[in-house]
Amino acid sequence: MGYTLCQLCWIFTFYSFLGWCAGVVVNAVKKKKFVNTGFLSLPFCPAYGLGAVLYSVFLPELRANGLFLFIGGAVVGAVQCILTGVVLQRIFHRRWWDYSKKRFQFDGYLHIGHLIAFGLSAFFVFWLGNPLLFTVLSWIPDLVCFVALLGILVIMAADCIVSVVAVLQLKIRLDRMEQLTGSLEKVTNEFGNALTRRIQKRMIRAYPNLEADGIREIEETEQKRHPSTVFAEGCCFYKLVWLFLIGAFLGDIVETIFCRLSAGVWMSRSSVVYGPFSFVWGIACALLTGLLYKYKDKSDRYLFLAGTVLGGTYEYICSVFTEIVFGTVFWDYSDIPFNLGGRINLLYCFFWGIAAVIWFKGIYPRLSLLVEKIPRRTGGILTWLCIVFMLANATVSGMALARYDERQRSEVVYQEENQRPLNQFLDEHFPDERMERIYPNAKTVHPHSEN
């Protein structure tokens, strides 16, 4: 059963509050005092609300299997935790939390205790939290629910803006970049310097790693920086874009050849209508490189295990995402043993692990050197041209798929709307025959009534 947007907003709000309560209780037990561990000043922690929304969207098919639900909750929670930590560190140049001194930890962002908590949280969300939430909401008139939800979200948004401004000002103070404070002070003065100072003090109490003793580290890092004449050096934005482009192209070619050898037919494996590009492989190359770049010199077993877990998780999320957004399933492994809802299977997860080893030990070093040989100025221009092309390609592909889905679902809609300029263009340039040739394994998912 899918959730409506309003229901997802209630899930976000409800678990944001529950997560804040849990964080306060845990810190009260550890530190023997009250500490507001949330990013907001109000009793809400959006990270927990977002996690519950991700569980509700991506894991409902796993409710019937306790083991898979636990594993799915642990993996989704871990990915969210790591990405949140990385983004915050990139923005503020400081870690908001650090578990590097604990055993069985991953790069300081989380440890095994978090995985257990994430897995148990998935049980709580599906078996207790969501049923309780929607039972209570069913007792309240719809209009009252909507007005209350809207009010809560507006207040949370305002609190978020104030907190972001305060933290940005704190970052500037920590980095001693006085030349930037002028413009921000004009903004923060509207809220009052006393308010921002109060929020900054609360942030430092909740996240000790933000304390100003990190200034020396930042200054030393800035002193070591020097302009480079090499294009896309290291694991940077330009490098990841080119890895996406190359990976999308090579992934399409490899899958096409694999289908020819295994099934005896030439079959398109492209994700877009223009060009042989598989976005699944392209995003995988960029994402895998970004997440495991620090560990590229680890043993083959380490990379195999990491690639198996990350690849399987990534493929599962992609399958759910495309079904929700496009109403289409692009692959189905129901006939392969050890599959999970037909979205992933154990054999292909092992392929992801093997691909991770081959990528870091053989392909990536050579591709990295090849990309870095592109002239710096030319490389920047080409990169942005490719980005514009791929965005346009993805947009046209999405519209063509949506129109194809309309034609499959209702001939009446097709006949009534085929005179609209956009629909006429899509019907003319992307008829059913062409779409079925580009996406031979695509299956339209028709909405069904709830039991």
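Note: hydrogens, waters and symmetry copies are ignored here, and every other heavy atom, side chains too, is used.
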Trainee: Can you find a heavy atom in the side chain of Y439 that is under 4.5 Å from one in the side chain of V273?
Mentor: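 With C-beta onward as the side chain, the pair touches.
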Trainee: What are the two closest non-hydrogen atoms of G307 and A356, and how far apart are they?
Mentor: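 Heavy atoms only, the tightest pair is CA-CB, 3.8 Å.
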Trainee: Please work out which of the three classes, parallel, tilted or perpendicular, describes the rings of F389 and F277, given edges at 30° and 60°.
Mentor: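 The rings of F277 and F389 stand perpendicular, inter-plane angle above 60°.
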Trainee: Rounded to the nearest 0.5 Å, what's the gap from CD1 on I11 to CG on L50? Could you check?
Mentor: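 Going from the CD1 atom of I11 to the CG atom of L50 covers 12.0 Å.
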Trainee: Might you point out which heavy atoms bring V396 and Y274 nearest each other, and give the distance in Å?
Mentor: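 Where V396 meets Y274 most closely, the heavy atoms are CG1-CE1, 4.1 Å.
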Trainee: Nearest 0.5 angstrom please: D252 CG to W281 CH2, how far?
Mentor: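 So the CG of D252 and the CH2 of W281 are separated by 11.5 Å.
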Trainee: Evaluate the ring pair (Phe, Tyr, Trp, His ring centres under 6.0 Å) criterion for residues F231 and Y238: first the C-alpha distance (whole Å), next the side-chain angles of each, then the deciding distance (0.1 Å), finally the verdict.
Mentor: CA-CA 8 Å; F231 173 70; Y238 287 123; 5.5 Å; yes
Trainee: What distance separates S271 OG from I283 CD1, expressed to the nearest 0.5 Å?
Mentor: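 Answer for the OG-CD1 pair, S271 versus I283, is 8.0 Å.
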Trainee: In Å and rounded to the nearest 0.5 Å, what is the CG to CD1 distance from D300 to I354?
Mentor: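 The CG atom of D300 sits 11.5 Å away from the CD1 atom of I354.
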Trainee: Looking at side-chain heavy atoms only, is the closest gap between F244 and I387 below 4.5 Å?
Mentor: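 No - every pair of side-chain heavy atoms lies 4.5 Å or more apart.
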Trainee: More than 12 non-hydrogen atoms from neighbouring residues, nucleotides or ligands closer than 6.0 Å to CZ on F17, yes or no?
Mentor: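 At most 12 heavy atoms, drawn from other residues, nucleotides or ligands, come within 6.0 Å of this atom.
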Trainee: Taking the side chain as everything from C-beta on, heavy atoms only, tell me whether I374 gets closer than 4.5 Å to T383.
Mentor: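 Heavy-atom side-chain distance check fails, nothing below 4.5 Å.
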Trainee: Say whether, by atom type as modelled, one donor and one acceptor occur between the side chain of R437 and the main chain of S268 under 3.5 angstrom.
Mentor: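 No: the side chain of R437 does not pair with the backbone of S268.
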Trainee: Between M399 and T395, is a side-chain contact (heavy atoms from CB on, under 4.5 Å) present by the stated rule, with each step listed?
Mentor: CA-CA 6 Å; M399 292 190 298; T395 301; 4.3 Å; yes
Trainee: Ignoring hydrogens and geometry, is there a side-chain-to-backbone donor-acceptor pair from Y316 to L59 under 3.5 Å?
Mentor: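 Side chain of Y316 to backbone of L59: no pair is present.
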Trainee: Is there a side-chain contact (heavy atoms from CB on, under 4.5 Å) between V272 and M390 once you walk through the steps?
Mentor: CA-CA 9 Å; V272 288; M390 282 300 181; 5.5 Å; no
Trainee: Using atom types as modelled and distance alone, determine if a side-chain donor or acceptor of Y55 lies under 3.5 Å from a backbone N or O of F118.
Mentor: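 Indeed, once roles are kept as given, a pair shorter than 3.5 Å links the two residues.
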Trainee: Given side chains that start at C-beta, do those of W359 and L243 come closer than 4.5 Å, heavy atoms only?
Mentor: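 In short, these two side chains touch, coming nearer than 4.5 Å.
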Trainee: For the rings on Y293 and F360, is their centre-to-centre separation under 6.0 Å?
Mentor: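 No, they do not, as the ring centres are separated by 6.0 Å or more.
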Trainee: Output the distance between atom OG1 (T289) and atom CD1 (I363), rounded to the nearest 0.5 Å.
Mentor: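 Nearest 0.5 Å value for the OG1-CD1 distance: 10.5 Å.
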Trainee: Taking the side chain as every heavy atom from C-beta outward, state whether L310 and W352 have any atom pair closer than 4.5 Å.
Mentor: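 No; the side chains remain at least 4.5 Å from each other.
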Trainee: What is the distance from atom CD1 of I344 to atom CD1 of I336, rounded to the nearest 0.5 Å?
Mentor: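 Between I344 CD1 and I336 CD1, I get 11.5 Å after rounding to 0.5 Å.
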Trainee: Can you tell me if R366 uses its side chain to pair, donor with acceptor, with the backbone of G362 under 3.5 Å?
Mentor: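 Yes; at least one donor-acceptor contact below 3.5 Å.
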Trainee: Using side-chain heavy atoms (C-beta onward) and a distance below 4.5 Å, is R301 in contact with L305?
Mentor: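 R301 vs L305: side chains apart.
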Trainee: Identify the two heavy atoms, one from Y48 and one from Y15, that lie closest to each other, and give their separation to 0.1 Å.
Mentor: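 Between these two residues, the closest heavy atoms are CB-O, 3.5 Å.
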Trainee: Counting distance only, does the side-chain N/O of S319 pair as donor-acceptor with the main-chain N or O of E315 below 3.5 Å?
Mentor: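 Checked: no pair found.
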Trainee: I want to check something: taking the side chain as every heavy atom from C-beta on, are L340 and R343 in contact at a cut-off of under 4.5 Å?
Mentor: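 No, every pair of side-chain atoms sits at 4.5 Å or beyond.
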Trainee: With under 30° as parallel and over 60° as perpendicular, where do the rings of F258 and F351 fit, or are they tilted in between?
Mentor: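 Perpendicular.
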Trainee: With under 30° as parallel and over 60° as perpendicular, where do the rings of F123 and F70 fit, or are they tilted in between?
Mentor: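 Correct class here is tilted.
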Trainee: For S56 and F126, work out which heavy atoms get closest and say how close.
Mentor: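 Smallest interatomic distance, heavy atoms only, reads CA-CZ, 4.0 Å.
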Trainee: Looking only at heavy atoms, which two atoms of R269 and S278 are closest? And how far apart?
Mentor: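 For R269 and S278, the tightest heavy-atom pair comes out as O-CB, 3.8 Å.
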Trainee: Do the side chain of S270 and the main chain of G275 share a donor and acceptor less than 3.5 angstrom apart?
Mentor: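 Looks like yes, one N/O pair under 3.5 Å.
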Trainee: From the options K296, K373, K239, E233, select the one residue that forms a side chain to side chain donor-acceptor pair (under 3.5 Å) with S368.
Mentor: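 It is K239; the other options fail the test.
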Trainee: So, the side chain of Y314 versus the backbone of V280: is there a donor-acceptor pair under 3.5 Å, distance only?
Mentor: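 Side chain of Y314 to backbone of V280, a donor-acceptor pair under 3.5 Å: yes, one is there.
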Trainee: Looking at F430 and F425, what are the two nearest heavy atoms and their distance?
Mentor: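 Minimum heavy-atom separation between F430 and F425: CE1-CE2, 4.1 Å.
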Trainee: So do F124 and L18 actually touch side chain to side chain, heavy atoms under 4.5 Å?
Mentor: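 Yes; the side chains approach each other to less than 4.5 Å.
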